[in-house]
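Indexing begins at 1, ligand by ligand and atom by atom, following the structure's order.
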Amino acid sequence: MLTSIKGKSVIVTGGSKGIGRGIAQVFAAQGAKVTLIARDEAGLKKAATEMGGNVRYEIADVGDWNAVKAAVDSTAKAQGGLDIMCANAGYFPQTKIVEMDVEEWDSVMACNLRSSFLAVKASIPYFEKANKGRVILTSSITGAVTGFPGWSHYGASKAGQLGFLKTAAMELSRYNTTINAVMPGNIYTEGLQGLGQEYLDTMAASIPLKRLGAVEDIGNAALFFASDEAAYITGQQIIVDGGQILPESLEAIQEI
Ligand code: NAP
């Protein structure tokens, strides 16, 4: 049993859907004060209402510095500071390099990678004031460990988060703050459903545990990084993928 995070002030970007919603749900169920950040107000309102507990929301594009800073400042005012920043929002359009335009590359980098920098930068004043803090990034197995046609930009952005993580961990240590990353495999979310049933079925069949992950699987890993028990872990990453990266070949997975 982990020490309770009851009453802690938490932000989850991309908290209106999918993995972010799962992380927010896990933290809210533990009695934390949770703010969801996303762009679509209707989605945010619905998620906050359905989640119950102490959950509010802020509207912001995570790639926009002014919007992120305003949302973090407003949250800290409403929740009495900031203890835990979960920088999770991201998206994964599938376009091969030959067909990809520069705008799509830049848009993926802004939403998935610049957003990690902005979330950390906006949180630092509160971590400094409290002399403590936690950051949890949602990265991916895609990029640092695996590749998939159409995801060159996505993979680069997700691997980039892990590059950012290591120096950020060193710089944040002066505020007694840790930063770690969860690397999900294929998790059943609204975003993943958008890739189609055939993709979902093929992926589930290629995972040793024979199922797609649930959003709570990622929420629980994030909860561990946020706990008192993880106080001495920083600059690290954990893969939560049901064993997806383990098989060496198609034959290996068929042997199970
Ligand atoms: P999802 O179901 O599509 O949910 C994405 C969430 O992010 C929504 O709340 C969305 O709300 C928000 N969002 C997207 N772009 C945003 C922006 N520019 N500014 C603010 N909010 C934004 O996606 P998901 O599958 O849960 O993925 C979430 C994270 O997990 C991403 O970083 C993704 O790379 C990572 N991941 C997912 C999987 C997977 O299998 N699902 C695997 C590995 C890693 P709005 O659209 O209203 O803004």
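The closest donor-acceptor contact from the side chain of Glu229 to the backbone of Phe224 lies at 3.5 Å or more, if one exists at all. With hydrogens and angles disregarded, a donor-acceptor distance shorter than 3.5 Å links the side chain of Asp83 to the backbone of Ser9. Within the 3.5 Å criterion, the main-chain N or O of Ala205 finds a donor-acceptor partner in the side chain of Lys210.
Close approach of ligand 1 to Asp40 (heavy-atom distance below 4.0 Å) involves ligand atoms 47 (O). For ligand 1, the atoms lying closer than 4.0 Å to a non-hydrogen atom of Asn88 are 28 (C), 29 (C), 30 (O), 31 (C), 32 (O). Close approach of ligand 1 to Asn186 is summarised as follows: ligand atoms under 4.0 Å from at least one heavy atom of the residue are 40 (O). Close contacts between ligand 1 and Ala60 involve ligand atoms 19 (N), 20 (C) [criterion: under 4.0 Å to a heavy atom]. Within ligand 1, counting atoms from 1 as listed, the ones closer than 4.0 Å to a heavy atom of Gly191 are 1 (P), 2 (O), 3 (O). Close approach to Ser140 involves these atoms of ligand 1, each under 4.0 Å from a residue heavy atom: 43 (C), 44 (C). With ligand atoms numbered from 1 in the order given, ligand 1 contributes 33 (C), 34 (O), 35 (C), 36 (N), 43 (C), 44 (C) to contacts under 4.0 Å with heavy atoms of Tyr154. Listed by atom number, the atoms of ligand 1 under 4.0 Å from Gly18 heavy atoms are 2 (O), 26 (O).
Not a single heavy atom of Gln193 sits less than 4.0 Å from an atom of ligand 1. In this structure, Tyr91 has no heavy atom closer than 4.0 Å to ligand 1. Residue Gly43 places no heavy atom under 4.0 Å from ligand 1. Assignment of Gly185 to the shell around ligand 1 is supported, since a heavy atom sits closer than 4.0 Å. Distances from ligand 1 to the non-hydrogen atoms of Ala47 include no value under 4.0 Å.
Here Tyr188 has no heavy atoms under 4.0 Å from ligand 1, in either its backbone or its side chain. Contacts between Ser115 and ligand 1, counted as non-hydrogen atom pairs separated by less than 4.0 Å, are absent for every part of the residue. Contacts between Pro184 and ligand 1 below 4.0 angstrom, taking non-hydrogen atoms only, involve backbone and side chain alike.
Salt-bridge check for Arg21 with Glu50: passed, with a basic side-chain N closer than 4.0 Å to an acidic carboxylate O.
Residues Arg211 and Ile207 share a closest heavy-atom pair of O-CD1, 3.5 Å. Thr177 and Arg134 get closest at one heavy-atom pair: CG2-N, 4.0 Å. The minimum heavy-atom distance linking Arg56 with Thr75 is given by the pair NH1-OG1, 3.4 Å.
Ring-centre distance between Phe148 and Tyr199: below the 6.0 Å cut-off.
Using modelled atom types, one finds a donor on one side chain and an acceptor on the other under 3.5 Å when comparing Tyr57 with Glu41. In summary, the side chains of Gln237 and Ser139 do not present any donor paired with an acceptor at a separation below 3.5 Å, with no hydrogens or angles considered.
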